[in-house]
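Quick notes on the structure that follows.
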Amino acid sequence: MKSYLEQHLKTRLTELGWPVEEPQFSRPKKAENGDWSTNIAMALARVARQAPLQIAHTIMEGLILDPEIVDRYEIVAPGFINFFQSPDYLAHQLRKIVTQDFHYGRNKSGAGQKAQVEFVSANPTGPLTVGHGRQTVLGDTIANILEWSGYEVVREYYFNNAGRQMRKLGESLRARYLTLKGQSTALPEDGYQGEYLVEIAKELLEQQPDLSVETELSVFKTHAEAGIFQIIKDTLARMGVTHDVFYNENTLYETGKIEEVLDELRRKNLVFTKDGATWFKTTELGFDQDRVLVKSTGEPTYRLPDMAYHREKFRRGFDLIIDVFGADHQDTYPDVLAALKVMGFDTSKVHVVIHQFVTLMRGDEVVKMSTRKAEFVTLDELLDEVGVDVVRYFYIMRGAGSHLNFDLDLAKRQTEENPVFYLQYAHARIASIFRKAEERGITYDVHADLTRLGEAETLALINELLAFPEVVERCLRSLEVHHLPNYLYALATALHKFYTEHRVISEDVPLSQARLFLLKAVKIALRNGLQILGVTAPERM
RNA sequence: GCUCCCGUAGCUCAACCGGAUAGAGCAACAGUCUUCUAAACUGUAGGUUACAGGUUCGAGUCCUGUCGGGAGUACCA
């Protein structure tokens, strides 16, 4: 309907000799303002030097619209043109949904294109925390949206298993190991105090009982890393998340990619040496200060590998590159992107999604988190307490740019007034009605007479239902996926209202069948939407 | 100091490229189950969209400034 109107309106504007800018259509909030509305007359007021209402009339007088699609239109002050869709059109759309079934809501905007989503990327120093949860769900849901838009998607996890942090980790494991062996050893200063290292030490002791203080640290480091990665991957699996690629920063060194980037920047005259360190001349590119690429110790900062990594992303041929970062990484990407641009890559392909922090609350108290001190609630613990469906939904229901308060007490307590259950209940309710219909011998009929559907609540439900593909596209355009849970909530509300007002199964068999047909379509949209969110759609509750 | 994010009902948050009377949930109050699942529905109340200017037919949305919260501003990542 939208594209139909767009097309005809554009043609008409051309006839009139007015600038054919992209006409904007929106679904009015109020049903009385039609099913689709455009503000084109107001937008043209200045250029055409006429009153918006006059323009609207001029446009509409010469516009011939198919009555099977558009029932009627109205011109309303200050200059809106509102269109009302015809019943035939609605019926036709409903049939389409049922035919598309598992494909309802998909679009082809990314067909033939490759996308990469990098998310989580936590270094293997400890289990994933509640803080990582937000990024996990955000990244995975964005990836789902891309898949529903036709992209071929690679989910990627970037990690670093070298450096000071990992050394500390190895030392911490060694201390735990030796303590288990009866040689009580203190954890190093700033060591990792988490209980998980004790578990990993026990495993190590079973497998290799002969290690000692003399053993190379790398043995402990390697074992700690493997053990922790197992924990992380298990957690991700519980969340329903599978990464296709785990990219080790170290390979960038081994294959000389780091040097290549440095050389390339040198050739562009953007590198200089000062105080024994190697600097990136970012001031030359419009930044307020220069940045260190290689420390005086000879060790590169995160910046250089990040540049090399992103250069690899481009070379691997991705058409769309999405980085999901926490707010603490805010300053790390502008100069990385600047370097890539200098190297000749099209950085408009890179989209950085920054999410604000999660504040973990216990009632009114803020829970402070630190991986090293093991003062945190792990994602696993959260999953144990409230389940995957609730965790995924809670993390995604708010915009990434908003700070998220995650109240543990509330999440645990929430079993009844929880929005997730509200959605799932809508789905289960429909399933239940279908079971009941079968009992009563009323069968679902593909050829049901849909002209029987016409009450206000019914039309509201159908309109909500038809918006689903638009919501998916909007999530894609904006990379703001919280629109989806919000939409599904509204769809569930429309369903519940319809249910309260109108009995589906009645003596009137044709009407029952028409309503069953509608519910079938609603069930499809709910199920597909929940699938994108990674939330289950139960048949009964 | 500078950069980025945020500020909307008592609380948690929506509001598509600037559109029509700023919407939900929770909490409060009042109702609705002999009938397909009441994990639901209806109604009442709750707002100077932090503040002050500006841009225009129209601003929660864009611009400038102020205040408040968060993140960054390292030879940490």
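The chains referred to below are lettered A, B, ... by the order of the sequence lines, with proteins before strands, and numbering in each begins at 1.
Comparing B:A14, B:A15, B:C41 by their nearest atom to the side chain of A:Thr493 picks out B:C41. Of the candidate nucleotides B:C16, B:C13, B:U35, B:U35 has the atom nearest to the side chain of A:Arg503. Here the nucleotide nearest the side chain of A:Lys497, chosen from B:A71, B:U73, B:C41, is B:C41. Ranking B:C41, B:C36, B:A77 by closeness to the A:Thr332 side chain, first place goes to B:A77. The listed nucleotides are B:G23, B:A74, B:A40; the one nearest the side chain of A:Thr500 is B:A40. Of the candidates B:G69, B:C75, B:A71, B:A71 carries the atom nearest the A:Gln330 side chain, counting heavy atoms from C-beta on. Closest contact between the side chain of A:Ser402 and the listed nucleotides B:A14, B:A20, B:G19 involves B:A14. Considering only the side chain of A:Lys29, B:A20 comes nearest among B:A71, B:A77, B:A20. Minimum atom distance to the side chain of A:Glu32 is reached by B:U21, of the listed B:A40, B:C75, B:U21. Comparing atom distances between the A:Asp288 side chain and each of B:G23, B:C5, B:C2 picks out B:C2 as nearest.
Between A:Lys168 and A:Asp190, none of the side-chain N atoms (NZ, or NE/NH1/NH2) sits under 4.0 Å from a carboxylate O, so this pair counts as no salt bridge. With salt bridges taken as basic N to acidic carboxylate O contacts below 4.0 Å, one links A:Glu539 and A:Lys523. Checked for salt-bridge contact, A:Arg27 and A:Glu470 meet the test: a charged N lies under 4.0 Å from a carboxylate O. For the pair A:Lys313 and A:Glu118, the salt-bridge criterion is met [side-chain N within less than 4.0 Å of a carboxylate O]. Taking 4.0 Å as the cut-off between side-chain N and carboxylate O, A:Asp508 and A:Arg503 do not count as a salt-bridged pair.
Annotation: cation-pi geometry satisfied between A:Arg72 and A:Phe84 (NZ/CZ under 6.0 angstrom from ring centroid, within 45° of ring axis).
Regarding contacts with the backbone of B:A38, a side-chain N or O of A:Arg429 is found under 4.0 angstrom from either OP1 or OP2. For the OP1/OP2 pair of B:C76 and a distance below 4.0 Å, the side-chain nitrogens and oxygens of A:Lys295 include at least one atom meeting the criterion. The side chain of A:Gln289 contributes an N or O atom lying less than 4.0 Å from OP1 or OP2 of B:A74. For the pair A:Tyr422 and B:C41, the criterion of a side-chain N or O lying under 4.0 Å from OP1 or OP2 is met.
Looking at every heavy atom in both residues, A:Ile145 comes nearest to A:Cys475 through CD1-CB, 3.7 Å. Here the shortest heavy-atom pairing between A:Gln330 and A:Ile354 reads NE2-CG2, 3.8 Å.
Each of A:Thr301 and A:Asn82 lies near RNA chain B, and the nucleotide nearest A:Asn82 is the one positioned closer to the 5' end.
Using atom P as the reference point in both B:A59 and B:C51, the two lie 16 Å apart (nearest Å).
Of the residues in residues 477-485 of chain A, A:Arg477, A:His482, A:His483 come within less than 4.0 Å of RNA chain B through at least one heavy atom, sorted by number. Residues from residues 506-519 of chain A that place a heavy atom under 4.0 Å from any atom of RNA chain B: there are none.
Among the heavy atoms of the strands lying under 4.0 Å from A:Ala428 is at least one base atom, whether or not backbone atoms are also near.
Remark: of the listed residues A:Leu138, A:Val137, A:Val324, A:Val324 is the sole one forming a side-chain contact (heavy atoms from CB on, under 4.5 Å) with A:Phe119.
In this structure, A:Tyr489 forms no aromatic stack with the base of B:A24, since the conditions of centre separation below 5.5 Å and plane angle below 30° are not both met.
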Go through the steps for A:Ser109 and A:Glu473 under the test side chain to side chain donor-acceptor pair (under 3.5 Å), then give the verdict.
CA-CA 9 Å; A:Ser109 31; A:Glu473 283 176 47; 5.9 Å; no
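The aromatic ring centres of A:His502 and A:Tyr499 sit 6.0 Å or more apart.
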Which dot-bracket string fits RNA chain B when only Watson-Crick or G-U wobble pairs with both atom distances under 3.5 Å count, crossing pairs get [ ], and | stands for a partner on a different strand?
(((((((..((((.....[...)))).(((((.......))))).....(((((..]....))))))))))))....
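Residues A:Thr443 and A:Glu438 have side chains that never bring a donor and an acceptor to within less than 3.5 angstrom of each other.
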